[in-house]
Amino acid sequence: MLSVKEIHTYYGNIQALKGVSLDIEKGEIITLIGANGAGKSTTLMSISGLMHPRSGKIFYQNMPLHLLSPEKIVSLGIVQVPEGRRIFPDFTVMENLEMGAYLRSDKPQLKKDYDYIFELFPILKDRKRQLGGTLSGGEQQMLAISRALMAKPKLLLLDEPSLGLAPMVIKQIFQIIRKINSEQSTTILLVEQNANLALQTADRGYVIENGLIIMQDKAEKLLQNEEVKKAYLGIV
Amino acid sequence: MDLYFLELFFSGLTRGGIYTLIALGYTMVYGIIGLINFAHGEIYMIAAFIGLTFAGIFSILQFSLISILLIAVFFAMLFSAAYGYTIEKTAYKPLRQASRLAPLISAIGMSIFLREYVILAQTPDFLAFPMLFGDLELPEFMMDFIQPTETIIILVSFFLVGILLLFIKHTKTGKAMRAISQDREMAMLLGVNSDKIISFTFMVGSLLAAFGAILISAHIGQINYNIGFIIGIKAFTAAVLGGIGSIPGAALGGLTLGLIESFATGYISSDYEDVFAFGILVLILIFKPAGFLGKKEHKKV
Amino acid sequence: MKLRIIHSLIITFWFMLLCFPLVVLKIDYLEKSIRFRWINLFLTGLCVFFISLLWRYFLSRRRKYFLRLPEHFFDLHQSRLIRSKPFLFIFSLVFLSLPLILPNYHTSILITAMIYVVLGLGLNIVVGLAGLLDLGYAAFFAIGGYSFALLNHYFGFGFWASLPIAASLACLGGVLLGIPVLRLRGDYLAIVTLGFGEIIRLILENWEAFTKGPSGIPDLPKPGLFGIQLDFYSSTIYLYYLLILCMLAAILVTKRLSYSKTGRAWVALREDEIAAQSMGIDTTKTKLTAFGIGAFWAGIVGAFFASKNSFVDPSSFTFHESAIILSIVVLGGMGSILGVILATMILVLLPEYLRFLESYRMLIFGAIMVIMMVFRPEGLVKSVRQQYDFKNLK
Amino acid sequence: MKLTRIGVLILVLLTTLFYLGAGNAVFASDTIKIGLAGPFSGDLAPYGIPPKDTVRLAAEVLNRSGGLLGKQVQILAEDDQCKAGTATNVASKLVGEGVIAVIGHICSGATIAAMSVYRAVKIPVISPSATNPSLTLENKNPNFFRTIPHDAAQANLQVDFITRHLKAKKVAIVHDKGDYGKGLATLVAEGLKQKKVEIVIFEGITPGAVDYSALIRKVKHANPDVVAFGGYHPEGSKIVTQARKRNIKASFISGDGLKDPSFIKIGRKFVEGYYVSSPADISKVEISREITRILKSKNQKAGNFGLQAHAAVTAIFNAVKKTNSTDPEKLQKALRSEKIDTTLGMISFDKNGDILGSGFSMYQVRDGQFVPVKW
Amino acid sequence: MTNHPVLSVHKISMRFGGLNALNKVSLQVFPREIAALIGPNGAGKTTFFNCVTGIYKPSGGYIELNGPDLRPKRINGLKPNLITRSGLARTFQNIRLFENMSVLENVMVGCHCRTTSNFLNAIIQTSSFKKEEQGVIEKSYELLKLVGLQGSANLSAKNLPYAEQRSLEIARALATEPRLLLLDEPAAGMNPQETTKLDQLIMKIRERFNLAVLLIEHDMKLVMRISDKVFVMAQGEKIAEGTPGEIQNNPRVIKAYLGEEVDVVS
């Protein structure tokens, strides 16, 4: 579905990605784990078109993605939930969701999708008129995911959905991620620092370190892998 | 209430209305790309000239006043939007990645260029602008403190601010504009074509400036290439006063500035009208560093 | 290439459409006349076509340089020719002999240019080094000029007696402006300084009894030279050399300051205010010194300016003046001394030498400002901070 | 490295340009040069461009009939933007290029600054528009002349007219904060005070401000018999238009800054009855009618000071012809002694350099025309 | 002398709008101690740093820093520059170097609060100014040597590799002559070798300058290797404190920090 081939991405003069390659099949949940600053977010930004790799290619259903502008990429069905959620603070919950559906014009289906979202996250329905900036961290994360879902993604890119959330909330959110994957058959690329959590959720995983993919395997295997444990859990 | 006070109040309101229409252009552009568009006053001026050109043609063709007014407004809006669009594409868009000051200087250069362009293409002289409102009449008691054209200016500018607020609040493009001003990258990640929206913002700002230009030119009855300068500075001041980036703020700032100037003239002296306007701006910013409705910048560490 | 031409044609068409009502039509509705000036449309079209071809070509090249050579393109510092001693020697010889060979007019505009160089250097401290956007710098220029004029008018002070007072008053003005606006950031600072500049000018205009209002103050003396009576020509030449001294002093002081504790604090403040504060830099004091020293130079050349014209009036200190000085700083490259000098050449001398273009002069001036910024957004000279010598350390 | 060289190249180019510019001045030529300085760009360009057109026209006509002293006359027009700083540069430039006389400058401030240069070389300077009294009355500028009477003369006339003809008790004085406008307004105010007329308002407006309605309302409340405005026609017509709309019945009076066809054209019915003091009627003078006609055919106009500038250059031509030389001292002397037939009628200059023969008279706008008032 | 903490924080709280970013956090750092502050993202660690260094004003509680005279001095409410002068220096999580200054100059800026010359001295170039300036250069160069950046002294700071930028931040902070150094995620984005070098550096700094270090870190290996004491924060509260060994076995910490082994399949 999506294949990233040897991309090198720079921030000014600093090279953040030094040849990252990934392959994602339809319907999978893939996770990309690694430490802070390892290049996880940069990978997602490169896929989304906000940063253009200086070399290397990205293909989506055999279409070259690395040449397209962000809005084209979204219109193809690749939607990102960026790190830190980035809710529009001055928009109400409803307006935030409407922004998610920005490129859509199928009104009748839209209505159903709002209902689906509110079914998924009932709390958002109660908060419909509240400003995004006043939501709690967990609610914001839910809103961010919902907002992305409103764009009807075929491939959903999730950047650190567990960041700064209480364990209970994290649990809920990861359940939803599974649900979205199974019910809507949305392919998911999940970037996480919380390796335990990510590997439990995903089908396959990639480990990134210093802008390079150093390991890739089935999620269960990585979870058992002593190296991974040592490197990213710190404690044996 | 004191009639003199009322008179001054409405004259301040009229001025404020015009300031607001121009300030909206500054504030929207600033909100969306953080640029002080110094060429905005020049758009206002060009709109007045375009309006005069078309009003001239159709008055020679003996159209009725009201149709001339509508035609002049239409063409002024059309062309000023086109000018706004073109200016953004040539002078600002190539500088999107550059430091904050580069587009500012580019804007100053653009403003000089446009003034000289109008001098060369038309004339440096003052030109008579047709009094397109004709001889409207108001009820006797109102005529004591307000003039018909002033009523129109106040009403139209309030109306336009209202329309703009509704537009920004409820339409898809309006939402995209607000989204970009909050978080441009995130908006792009949701499929908003930010270049398009930015162009659009310039066009809307220019439209409003054009509207203001025709209103005030038809009220005052004369224009020249220099009319954009002072009004531009004042409108920018109004935008900052209200909190730059905020649309209701621009309206609030515009009205405040208009009223301050009017009362300063009426009760003190018009010699120091501008000193008061700027003095109050400085005072307000010292106590409220982001203007009336501006957002306080959070220190991000 | 073909594509480019087609594109340019489309742009040409668009511009012709855009220009039509103003460039072609000339309406006088009172006399009911419409004139069509089709030739103008043709000329506009032709200009736009070629400009757009060049524009697109260079814009695409700019991208390339932007990526590949961000730091060396145009770096005049690096040129060995310019740094070489013979070149500098010949250059300064020529520069020093200019007023002796050239007609008075050139001496006169070079004086103006040097006044702007010093203004640029002063504002460069505030904007370029300390990163505080000031849109009302002409106010300090006015304070300097008017201090001299008023001291002369009311108390008969000569130029030299007034100069230190003018400079200190301007400096004081800078600090006084600085205190209330310390809390403001970026563009709010810009508008407050703009307001301050206008207020100063308006006071000069309206306080008739003291400042003589819009008529200005005439008959100011030229600087004296140990009581020697100078005729008009020699006093201009004398002024030229004085300004060279003044400019060199400004360059020297800026350089020395910029590579001292104070200068480092300015730059640190510009780069990152929070980090600067965390390194123990007192932001209040640092900002005030920047405002004060910046204004100081404006005060000095303000007095020179008044003396050169033997006249001051408020209309010499408008917002336009502040905008031009700011443009000098930005166009030159923020923080760069050589940049200020080059940009002054372009923004002050070019309009003088473009006089043959008559009415197109200011049009082209405006266009040049836009073009320079579009193609060189980081300024003519990239300011590279001088390196400290530590090689001889152990 | 290559790119650095481009930088050097540009530096060299700039220097060359500089020397080329310098070179211009050195070219010897066989023409008589007359300088002309004023604002041809910027805010005040409308006051500078008409003099440029008329002076050039005068030179053209002269050159067609053989020029001066057997040489062609060349007009060097330089833009000073009405800024003191630029004006001194322009003055040095004109002097450096060897002009025998200068027409200009237009603004008093720029003229005062430029005189510091001209004074040194003694060439005659004739301004068509600088009305600041100090230019001639303080005996500093023996080489300065003007074809426009200074403000004091005009102010006296206005004061007389207000007190004797209009018999006003209360007068409101408004000015445009400018050099000319405020200067005139101040002189009028002083004159009126001496005659014990009450001045109810003395205030300035900002030219180019959105509207003046607040001030108009203030004027209305002061209820003066006469409003005297010092300034130029755009503001004048704006103020009177708004005042009439607000039903202010007072008489309006202004100086020559308003005597411009555009004033009536823009002000339309609202300027009817406006009193304007202005140099004596020249619409009957054959030359000025001729000039106006030619300008119109070229789509130019005489503006506020065009005809004065024409008269100024005519005076110079005449002085050169009479003295058969371009020596500044001789020219000055000739200018002081000769009577000349110009667009302004027969004029001459007094010992201060002020114009004689072109006094002020009062006009009133009636049926879209400036009509002389008999009183 | 060891029983005088160099930094003691008493129940400080910090609220942003409705959010309780810090809730009565207290901790003490003793001289020559290397302490680590850990916790999941968003636990309030950086907010804690910002309160201590004066960028935020805590909404409750107080902070004391031991002066050179060993007397505790209240520093909450002081401006950041004064806190730095009192002997507290920091680095930043997302690297805040003065990008367009050279590497050496960055460190020289750090010397700012320990020098006395003013701008007049600089203009006249008095001999005391020159001497001081030379001293600053020498000191800065020494510090660069210490962190291994002497070779890049004249590069622009923004052109340094990521890991070296972090070291430069440390050098710059050391230039302010602190008694307590706060490091905000010094190992972020470093590879294992670089991280190893970093912990040697931290040890070396402690020996050389006799100072205490408080660091926020996600790299657990590093934390466990070098710290004498570990504080754990979660959701704006301090949930544990102890030696690395104690912390590793604290179930509450494991749960909060490593992420719950949630059963997501259910």
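By convention in this document, chain letters (A, B, ...) are assigned in the order of the sequence lines, proteins followed by strands, and residues within each chain are numbered from 1. Predicted, not measured: the structure shown is a model, and the values here were computed from it.
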Item to check | Proximal component of C/M334, with respect to chain B [non-hydrogen, under 4.5 Å] | outcome: side chain
Checklist entry - With only heavy atoms counted, which part of B/E273 is less than 4.5 Å from chain C, the side chain, the backbone, both or neither? => result neither
Next on the checklist: Using heavy-atom distances under 4.5 Å, tell me whether C/V24 contacts chain B through its side chain, its backbone, both, or neither.
Outcome noted: neither
Item to check | Partner chain B: residue of C/S33, C/G379, C/G366 with the largest heavy-atom pair count (under 4.5 Å) | outcome: C/G366
Checklist entry - Between B/F229 and chain C, which part of the residue has a heavy atom less than 4.5 Å away: side chain, backbone, both or neither? => result side chain
Checklist entry - At what distance, to the nearest 0.5 angstrom, does CZ of B/F278 lie from CG of C/L194? => result 6.0 Å
Checklist outcome for this item: Rounding to 0.5 Å, atoms OG (C/S327) and CD1 (B/I112) come to a distance of 7.0 Å
Checklist entry - In Å and rounded to the nearest 0.5 Å, what is the OG1 to NZ distance from B/T123 to C/K26? => result 5.0 Å
Checklist entry - Tell me, side chain or backbone of C/R37 under 4.5 Å from chain B's heavy atoms, or both, or neither? => result side chain
Item to check | Proximity breakdown for B/P103 and chain C, heavy-atom pairs closer than 4.5 Å | outcome: neither
Checklist entry - Parallel, tilted or perpendicular for C/F319 and B/F38, by the 30°/60° rule? => result tilted
Checklist entry - Who among C/I191, C/L184, C/L202 has the most heavy-atom pairs with chain B under 4.5 Å? => result C/I191
Checklist entry - How close do C/V370 and B/A91 get, heavy atom to heavy atom, and via which atoms? => result CG1-CB, 3.9 Å
Next on the checklist: Heavy-atom cut-off 4.5 Å, strictly under: side chain, backbone, both or neither for C/L17 against chain B?
Outcome noted: backbone
Checklist outcome for this item: Under 4.5 Å to a heavy atom of chain B? For C/L135 that would be side chain
Next on the checklist: Checking the side chain of C/Y188 only, and the main-chain atoms of B/G243 only, is there a donor and an acceptor separated by less than 3.5 Å?
Outcome noted: no
Checklist entry - Less than 4.5 Å apart, any side-chain heavy atom of C/L22 and any of B/Y117? => result yes
Item to check | Closest non-hydrogen atom pair, B/P94 against C/V374 | outcome: CB-CG1, 3.7 Å
